[in-house]
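This report refers to the structure that appears directly beneath it.
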Amino acid sequence: MDHILKKYCPRIDFDSYEDFRDNFKIEVPEAFNFGFDVVDEWAAVEPEKRALVWCNDHDEERIFTFTDISRLSNQAANALVARGIEKGDVVMAILRRRWEYWVLAAALCKIGAIIIPATLQLTKKDIAYRVNSANVKMLVCVHAESVCTQVEQALPECPSVEAKIVVAGERDGWLSFGGMLEGQPETFERPTGDAGVTSKDTMLIYFTSGTTGMAKAVCHNFAHPLGHILTAKYWQQVQEDKLHMSVTDSGWAKFGWGKIYGQWIAGATIFCYDMDKFVPTKLLQKIQDYKLTTFCAPPTMYRFMLQEDVASYDLSSVQNFATAGEPLNAEVTIQWERLTGKKIREGFGQTEGPVLLATFPWIEPRPGSMGKPSPLLNIKLLDDEGNEVEDGEEAAICVTGLKEAYPPGLFVGYYHDPDRTNEAVGGEYYNLHDIAWRDSDGYYFFVGRNDDVIKCSGYRIGPFEVESALVEHPAVVECAVTAAADPIRGKVVKATIVLARGYEPSDDLVKELQNHVKKATAPYKYPRIVEFVDELPKTVGGKIKRKQIRQADGIDD
């Protein structure tokens, strides 16, 4: 048990959060490789150990052992090498939740190539930008008309691409992923010398969701999976040989958080429901039918599941519910606990790292709080001059001590952009530009992105507090609070709201919601403008695009 964890963590059991914070360590070897040192290692130690349980909306189900993933990834590695993929080459994968993603990711690790996960929602322009920014050599895409068409339209502008491969289907002009694997050797020798990788080589590039401009190419090295031991073992609390589900597309960084790295290091079995689209009742049914042990989903999904009859589903198998991606409104976790008997443990981080703050096992979840700092990351709240602030004061969340010990899992820079890399992580600390405050018990509370904080009539108003107050009202499913222009005050608070079933927009409802906020928080924070919409604008990663709302209202950042 815990065979692989114990190779990299001298100690895995702790008596308290303080014990965990002070004594947790990750030992990073000089040449860690997830494909060989996790996938192949589990296959060697426990050949029949389940790695992945995959299903979809079309009654298909596949179960893979680590032996299966090892064999398939070896065949894929041989096929890719035959097509010219070498150490350091970049491959972009647009695969939704197809099981082939796990095979491809492990294969590219073994070769020493770099993977760019990408979402199906990318347009021709998005694809061309990413391909040219990272000099992508190969594209691997799921067989979906919208995806393949966008890629085909982008390729004339992408001279670096030498091959395109389609998964789960056939298409003229494309190589077949399944066909490539046929007849390939089932073994793949670990490269050595210059062909081998070190833990400092680039393994993975994520393009940020681009809420504040063009997406940035965030680089993670081969030590990155080890950082997600924090994410999987100690926040999501995955258990060896038990089913864990994180609801996410392979194109998002949350896939790396919840569907592959830390989970497999900890020996958990990943459950993947490759849904055509999110239907709350179908997801609840899967949790019940497969008797999941741990579960993680973004707050939006919890909010929409709460619009259904949650209590009619047997979710008793789930020992830990978790969430990340956007701040979790206190009312959501209160309702969830009332219906399931379990609280939701929040985690916080970015594409740039593993979980940075979380409600770890020894910490009692506190509604509205992100929890406490992860070990190794040295989280502090710093003002504009780089000084740590007192409890109760709002400041930027920062990862400090980078010169002393660079934490495994944290990004190492931006691809081929040394100036931006140096600005971000070349000093003593990395500033996330997210604003939070800490209470006297050490719990952290999210305020908002630095750009999202509203300055109105001399006050600083964090959008999350107002959004949380609004979500407490039964009429509100989700909302975004932003600044809007006002001829007298300069800026005022605006709420853009998606209504729950059974509610219709009206002047009376606007007044009711405004009065509700005045009672739930400081009266000056209430939204003077309320707009009802069918859906909120979101990034391809599912985050609310508050900047788009602000710009539509004449607020130019």
Side-chain angles (χ1 to χ4, degrees), residues 51-64 68-69 71-73 75-80 82-85 89-108 113 115-131 134 136-158 160-184 207 247-252 255 259-260 270-279 282 286 540-541:
L52 174 66
V53 174
W54 178 92
C55 65
N56 63 13
D57 283 322
H58 308 286
D59 297 323
E60 292 181 277
E61 181 188 79
R62 294 286 302 270
I63 297 175
F64 299 86
D68 294 328
I69 301 295
R71 171 179 51 81
L72 289 166
S73 62
Q75 290 181 296
N78 284 308
L80 292 167
R83 288 286 170 182
I85 298 299
D89 285 340
V90 184
V91 176
M92 189 160 83
I94 310 176
L95 292 176
R96 197 173 65 186
R97 299 175 180 89
R98 287 292 309 182
W99 59 262
E100 289 90 346
Y101 182 91
W102 284 266
V103 172
L104 178 67
L108 292 173
I115 189 169
I116 297 179
T119 174
L120 274 68
Q121 299 175 39
L122 297 182
T123 63
K124 167 196 168 184
K125 178 182 176 182
D126 298 324
I127 292 166
Y129 172 75
R130 284 158 173 75
V131 167
V136 170
K137 191 171 182 178
M138 178 182 285
L139 285 155
V140 184
C141 306
V142 68
H143 186 262
E145 182 62 33
S146 59
V147 176
C148 294
T149 298
Q150 294 294 332
V151 167
E152 288 165 350
Q153 291 175 354
L155 283 181
E157 302 172 16
C158 305
S160 64
V161 175
E162 297 180 5
K164 56 187 187 292
I165 299 169
V166 67
V167 165
E170 304 284 341
R171 189 175 179 90
D172 289 344
W174 292 64
L175 300 170
S176 162
F177 186 78
M180 285 176 58
L181 269 58
E182 291 179 5
Q184 291 292 341
F207 278 84
V247 186
T248 178
D249 181 297
S250 65
W252 303 352
F255 190 99
K259 265 183 144 73
I260 182 167
I270 294 161
F271 175 76
C272 178
Y273 168 32
D274 187 10
M275 62 184 82
D276 291 335
K277 67 175 184 177
F278 169 52
V279 178
K282 288 185 178 181
K286 293 293 184 186
V540 293

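The shown structure was predicted, so the numbers you read here are calculated from the model rather than taken from an experiment.
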Residues Ile127, Val131; criterion side-chain contact (heavy atoms from CB on, under 4.5 Å); working and verdict
CA-CA 6 Å; Ile127 292 166; Val131 167; 4.1 Å; yes

Start with the C-alpha gap between Ser176 and Glu182, add the side-chain angles, then the distance that decides, and say whether side-chain contact (heavy atoms from CB on, under 4.5 Å) holds.
CA-CA 10 Å; Ser176 162; Glu182 291 179 5; over 6 Å; no

Criterion side-chain contact (heavy atoms from CB on, under 4.5 Å) on Arg83 and Ile165, from CA distance to verdict:
CA-CA 11 Å; Arg83 288 286 170 182; Ile165 299 169; 5.7 Å; no

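Counting heavy atoms from C-beta on, the side chains of Phe207 and Ile116 come closer than 4.5 Å. Considering only heavy atoms from C-beta on, Met138 stays 4.5 Å or farther from Glu162 through its side chain. Two residues are said to be in side-chain contact when any heavy atoms from C-beta on lie closer than 4.5 Å; Thr119 and Ile94 fail this criterion. Between Val53 and Ile270 there is no side-chain heavy-atom pair separated by less than 4.5 Å. At a threshold of 4.5 Å between non-hydrogen side-chain atoms, the residues Val91 and Val136 do not count as touching.
With rounding to the nearest 0.5 angstrom, the CD1 atom of Ile115 is 7.5 Å from the CG atom of Leu95. The line from CG of Leu155 to NZ of Lys164 is 6.0 Å long, rounded to the nearest 0.5 Å. Between the NZ atom of Lys259 and the CG atom of Leu52 there is a distance of 9.0 Å, given to the nearest 0.5 Å. Residue Ser250 holds its OG atom at 10.5 Å from CD of Glu100, rounded to the nearest 0.5 Å. Taken from OH in Tyr101 to SG in Cys272, the straight-line distance is 12.0 Å, to the nearest 0.5 Å. Note that CZ of Arg96 is 8.0 Å distant from CG of Asn56, once rounded to the nearest 0.5 Å.
Across all their heavy atoms, Ala113 and Ile85 have their closest contact at CB-CG2, 3.8 Å. Between Leu80 and Ala107, the shortest heavy-atom distance links the atoms CD1-CB, 4.3 Å. Of all the heavy atoms in Leu181 and Leu72, the pair that sits closest is CD2-O, 4.0 Å. Minimum heavy-atom separation, Gly84 to Asp89: O-OD2, 3.3 Å. Nearest heavy atom pair, residue His143 against residue Ala168, reads CB-O, 3.4 Å. For Trp174 against Val151, the heavy-atom pair with the smallest separation is CH2-CG1, 3.7 Å.
No side-chain donor-acceptor contact under 3.5 Å links Ser160 to the backbone of Lys137. Side chain of Gln150 to backbone of Lys124: a donor-acceptor contact under 3.5 angstrom is found. Within the 3.5 Å criterion, the main-chain N or O of Asp57 finds no donor-acceptor partner in the side chain of Lys282.
Annotation: cation-pi pair Arg62/Trp54 absent, no NZ/CZ under 6.0 Å from the ring centroid and within 45° of its normal.
Residues satisfying the salt bridge (Lys or Arg N to Asp or Glu O under 4.0 Å) criterion with Arg97, sequence neighbours excluded, are absent altogether. With sequence neighbours left out, Lys125 forms a side-chain hydrogen bond (donor to acceptor under 3.5 Å, both in side chains) with no residue at all. For Arg171, the salt bridge (Lys or Arg N to Asp or Glu O under 4.0 Å) criterion is met by Glu145, Glu152, not counting sequence neighbours.
Using bins of under 30°, 30° to 60° and over 60° for the plane-to-plane angle, the ring pair Phe64/Trp99 lands in the tilted bin.
Ring centroid separation for the pair Trp102 and Phe255 comes in under the 6.0 Å cut-off.
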